[in-house]
Trainee: 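The following block contains the structure, expressed as structure tokens.
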Number of protein chains: 2
Amino acid sequence: MSTPLSDLQPGQVLARGVARALCELGLDCVPEMPLRPRLRADLMALDRKGEIWIVECKSSRTDFTSDRKWGGYLEWCDRYFWAVDDAFPTELLPEGTGLFIADGYGAEMIREAPLDKLAPTRRKALTLDFARAAARRLQRLTDPGLDGLAP
Amino acid sequence: MSTPLSDLQPGQVLARGVARALCELGLDCVPEMPLRPRLRADLMALDRKGEIWIVECKSSRTDFTSDRKWGGYLEWCDRYFWAVDDAFPTELLPEGTGLFIADGYGAEMIREAPLDKLAPTRRKALTLDFARAAARRLQRLTDPGLDGLAP
């Protein structure tokens, strides 16, 4: 069920560490959360008031510079963060975004992201999507027999 | 991660079957969902429009008659169902509630529950609670190392 750290891709290693840090901050998150066709967030998180964060994990300069879609995430969250390792050239990262420095075991928030609140209708739809995605994955993990049954 | 059917309590056996049926109906569910102190739903489910169902699983007449709190669930869902096995005396069940006949492998909806819509503020809070509970459980299953870290 749980994947050894050595079997994870570099971005997934960072995501595991950030997910632990988000948990400590009181947020619950879903990895690889689909937002719309061809756009998924590395981590989407909800705090107890319903605030929505997205964290994109970049394992290298190349990983960052080859990603032309990051601006597309801003309209799907209240706060947007990057997560990188401690060797990453953080001066590349755009202003007005938050930052975690992460490894596979944890992460530290270096810079809080500014709040840019979602419209209520989008927040409602995203929260429902998050809820259903998390529950579906949970059910698939706890009842493998489901796989033969449902799409 | 997944528990053999033989290790589940009778009510949990029914819950597994109902969860499969809910999935086929397009709903995603969380088992043993806390609603308030000393009240948790055997299954809480969300459909794609955000409608909230609760299903309580009763493994025997005694299990049903000893439960004095079932009416308390009605204010936490849009539709309320019972799930019982095919030997259960269904004439005991109150009117105005839905019914599944279940076993550990699936379930059939025998009677649709009437719709009694939640107030928007409660729906919003419940959907957020569901989302966070599902995500937290998912993270605990996929990252056992989290247990040492967080409450």
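The model shown is predicted, which means the values in this text are computed figures rather than measured ones. To find a chain, count down the sequence lines: A is the first, B the second, and so on, and within it residues start at 1. Hydrogens, waters and symmetry mates are skipped; everything else that's a heavy atom, side chains included, is used.
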Trainee: Any residues in residues 41-52 of chain A near chain B, with a heavy-atom distance under 4.5 Å, and which are they?
Mentor: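 Residues A:Leu46, A:Asp47, A:Arg48, A:Lys49, A:Gly50 are the ones that qualify, each having a heavy atom under 4.5 Å from chain B.
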Trainee: Against chain B, work out which of A:Ala19, A:Gly106, A:Pro31 has the most heavy-atom pairs shorter than 4.5 Å and name it.
Mentor: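 When all of A:Ala19, A:Gly106, A:Pro31 are compared, A:Ala19 has the most.
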Trainee: Check whether B:Leu93 and B:Val55 end up in the same hydrophobic cluster, where Ile, Leu, Val, Met, Phe, Trp and Tyr are linked by side-chain heavy atoms less than 4.5 Å apart.
Mentor: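 Result: no, two separate clusters.
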Trainee: Measure from the side-chain N and O atoms of A:Gln139 to the backbone N and O of B:Cys29, and report whether any donor-acceptor pair falls under 3.5 Å.
Mentor: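 A pair under 3.5 Å: no.
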Trainee: May I have all residue pairs that pass ring pair (Phe, Tyr, Trp, His ring centres under 6.0 Å) and include part of residues 120-145 of chain B, sequence neighbours excluded?
Mentor: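 Residue pairs with at least one partner in residues 120-145 of chain B: there are none.
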Trainee: Measure the CG-CZ distance between A:Leu138 and B:Arg137 for me, rounded to the nearest 0.5 Å.
Mentor: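 Rounded to the nearest 0.5 Å, the CG-CZ separation comes to 7.0 Å.
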Trainee: The criterion is ring-ring contact (aromatic ring centres under 6.0 Å, His included); which residues satisfy it with B:Trp53, sequence neighbours excluded?
Mentor: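 Expected list: B:Phe81.
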Trainee: Please determine whether residues B:Trp70 and B:Met33 belong to a single hydrophobic cluster, defined as Ile, Leu, Val, Met, Phe, Trp and Tyr linked transitively by side-chain heavy-atom distances below 4.5 Å.
Mentor: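 Yes, one cluster joins them.
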Trainee: With a 6.0 Å cut-off (strictly less than), is the heavy-atom count around CD of A:Glu95, excluding the residue itself, greater than 12?
Mentor: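 Counting neighbours around CD of A:Glu95, 12 or fewer heavy atoms of other residues, nucleotides or ligands fall under 6.0 Å, so no.
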Trainee: Answer yes if A:Leu27 and A:Trp76 sit in the same cluster of Ile, Leu, Val, Met, Phe, Trp and Tyr residues linked by side chain heavy atoms under 4.5 Å apart, and no otherwise.
Mentor: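 Looking at the clustering, A:Trp76 is in a separate group from A:Leu27.
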Trainee: If hydrophobic clusters are built by linking Ile, Leu, Val, Met, Phe, Trp and Tyr wherever their side-chain heavy atoms come under 4.5 Å apart, do A:Leu25 and A:Val84 end up in the same one?
Mentor: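 No, separate clusters.
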Trainee: Give me the atom names and distance for the closest heavy-atom approach of A:Ala135 to B:Ala134.
Mentor: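 So the two residues come closest at N-CB, 3.7 Å.
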Trainee: Can B:Ile101 be reached from B:Leu5 by stepping across I, L, V, M, F, W or Y side chains whose heavy atoms are under 4.5 Å apart?
Mentor: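 Looking at the clustering, B:Ile101 is in a separate group from B:Leu5.
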Trainee: If you check every heavy atom in residues 107-129 of chain A against those of chain B, which residues fall under 4.5 Å?
Mentor: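 Only A:Thr127, A:Leu128 of residues 107-129 of chain A have a heavy atom under 4.5 Å from chain B.
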